[in-house]
Amino acid sequence: MKKKSIWDFYEMKKAGTKITWMTAYDYPLASFAEAAGIDMILIGDSLGMVVYGYDGTVSVRMDECIIHCKAVRRGAPNVFIVGDMPFGSYHTSDAYAVANAVRFVKEANVDSIKLEGGVRIASRIRAIADAGIVVIGHIGLTPQSSGVLGGFKAQGRTAESAEAVILDAIAVQEAGAKMLLVEAIPPELAEAITKILTIPVLGIGAGADVDGQILICGDMLGYFAAFTPKFVKKYANVAEVIINAIKEYVDDVQAVRFPAPEHTYSVLSEEKEKFDEMLKKYIKN
Ligand code: KIV
């Protein structure tokens with residue numbers, strides 16, 4: 001499989017070919033995603049919830065993101081991978097944002113970084129893009145600011161708030177982002193943004209009329225049960241498969257069905273006699 005570049009995604013937008021994107025946080029899943037032919041992988045800060053069991057994304061740290069990006073890079077060397085800048089890694093200054101974006105590229109070899117916000121973080125996008133790093137914007141429902149949004153709520157459902165989302169989208173593109181993710185907005189608004197912008201627009205909870213889709217692996221594969229948003233389609237129930245497998249293992253061990261002879265190592269045949277003699281020294285009768 002040939003790794004796609006950012007410009008391939010522009011060609012796909014032009015041709016109307018949908019871009020496929022999902023999250024992954026570890027080596028095995030990244031390798032499965034590459035084998036399945038995914039275009040892009042995001043090591044989302046959703047790893048805080050899906051992998052670490054935090055109740056949101058704000059406590060996720062840079063070093064956690066970098067470790068998981070490295071694992072995904074090893075698992076999917078031929079997929080375009082995107083590191084997600086965690087809360088606090090780009091909020092205080094343009095220089096700090098650039099320094100952290102550079103860490104993603106140098107330490108984890110990502111192809112791009114993603115950060116949340118529109119008009120309010122345009123200068124950060126500009127600074128990171130000027131450093132030669134591919135930036136992906138993220139607007140609409142931005143989980144890192146769910147506190148000020150009043151929770152994990154869909155955005156742009158009134159004319160006024162929809163216009164604010166459009167202005168964010170334009171600001172992201174004008175600041176130099178090469179792609180945009182829109183989250184939890186009405187499909188009509190997502191479609192309009194996709195038409196207004198020249199950069200590819202991907203969606204999550206934003207309907208089908210965008211240039212591509214992303215889903216969080218824990219949701220789509222059914223191994224994160226704490227909360228499933230309305231926009232998720234579940235393609236597998238991995239949790240059920242794993243729980244059933246572990247139950248079977250527990251039963252087998254308790255009933256001494258596992259391990260069976262085929263799971264063990266035999267004593268070398270030419271050593272068998274000496275071996276049995278040696279054991280007799282320790283085990284009487
Ligand atoms: O962190 C994440 O997984 C995200 C999703 C909204 C795609 O940003």
Side-chain angles (χ1 to χ4, degrees), residues 18-26 29-30 33 38-62 64-69 71-72 76 79-91 100-101 104 108 110-118 121 125 135-146 149 151-156 165 168-169 172 177 179-185 190 193 200-207 210-224 226-235:
K18 300 291 183 188
I19 302 162
T20 58
W21 194 14
M22 65 181 280
T23 69
Y25 317 106
D26 59 27
L29 187 59
I38 202 86
D39 292 317
M40 299 169 62
I41 295 177
L42 170 71
I43 301 85
D45 61 357
S46 51
L47 76 86
M49 290 173 285
V50 180
V51 176
Y52 291 109
Y54 303 154
D55 58 7
T57 57
V58 292
S59 31
V60 174
R61 301 190 314 263
M62 269 301 291
E64 291 168 331
C65 292
I66 298 278
I67 284 172
H68 288 273
C69 285
V72 167
V79 178
F80 187 97
I81 73 165
V82 184
D84 205 7
M85 296 195 68
F87 183 69
S89 69
Y90 57 98
H91 297 77
N100 280 318
F104 271 101
V110 303
D111 299 292
S112 171
I113 59 88
K114 172 173 91 56
L115 73 180
E116 297 182 7
I121 58 125
I125 294 176
V135 179
I136 301 181
H138 179 169
I139 60 166
L141 168 53
T142 44
Q144 289 174 7
S145 34
S146 60
L149 297 178
F152 293 92
K153 286 190 179 148
Q155 302 295 303
V165 177
D168 274 340
V172 166
M179 275 193 173
L180 177 67
L181 172 63
V182 290
E183 176 168 357
I185 60 171
I193 291 171
V201 176
L202 290 101
I204 180 164
V210 285
D211 299 313
Q213 298 290 332
I214 183 167
L215 278 179
I216 293 179
C217 57
D219 295 333
M220 65 180 279
L221 299 177
Y223 72 84
F224 178 71
F227 171 69
T228 306
K230 170 186 163 130
F231 54 71
V232 168
K233 179 170 174 186
K234 213 164 152 181
Y235 288 87

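Start at 1 and go down the list; that is how both ligands and their atoms are numbered.
- At least one donor-acceptor pair under 3.5 Å links the side chain of Thr23 to the backbone N or O of Cys217.
- Every side-chain contact (heavy atoms from CB on, under 4.5 Å) that Cys65 has, sequence neighbours left out, goes to Val60, Pro86, Phe104.
- Every residue two or more places apart in sequence or in another chain that forms a side-chain contact (heavy atoms from CB on, under 4.5 Å) with Val58 is listed here: Phe87.
- Remark: Asp211 engages Lys13 in a salt bridge (Lys or Arg N to Asp or Glu O under 4.0 Å) (not counting sequence neighbours).
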Report each N/O pair between ligand 1 and the protein that falls under 3.5 Å, naming both atoms.
from: ligand 1; atom 1: 1 (O); to: Asp45; atom 2: N; distance (Å): 3.1
from: ligand 1; atom 1: 1 (O); to: Asp45; atom 2: OD1; distance (Å): 2.9
from: ligand 1; atom 1: 1 (O); to: Ser46; atom 2: N; distance (Å): 3.1
from: ligand 1; atom 1: 1 (O); to: Ser46; atom 2: OG; distance (Å): 3.3
from: ligand 1; atom 1: 1 (O); to: Asp84; atom 2: OD2; distance (Å): 3.1
from: ligand 1; atom 1: 3 (O); to: Ser46; atom 2: OG; distance (Å): 2.5
from: ligand 1; atom 1: 8 (O); to: Lys114; atom 2: NZ; distance (Å): 3.0

List the steps, then state whether side-chain hydrogen bond (donor to acceptor under 3.5 Å, both in side chains) holds for Tyr90 with Gln144.
CA-CA 12 Å; Tyr90 57 98; Gln144 289 174 7; 2.7 Å; yes
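- No donor-acceptor distance shorter than 3.5 angstrom exists from the side chain of Glu183 to the backbone of Leu181, with no hydrogens or angles considered.
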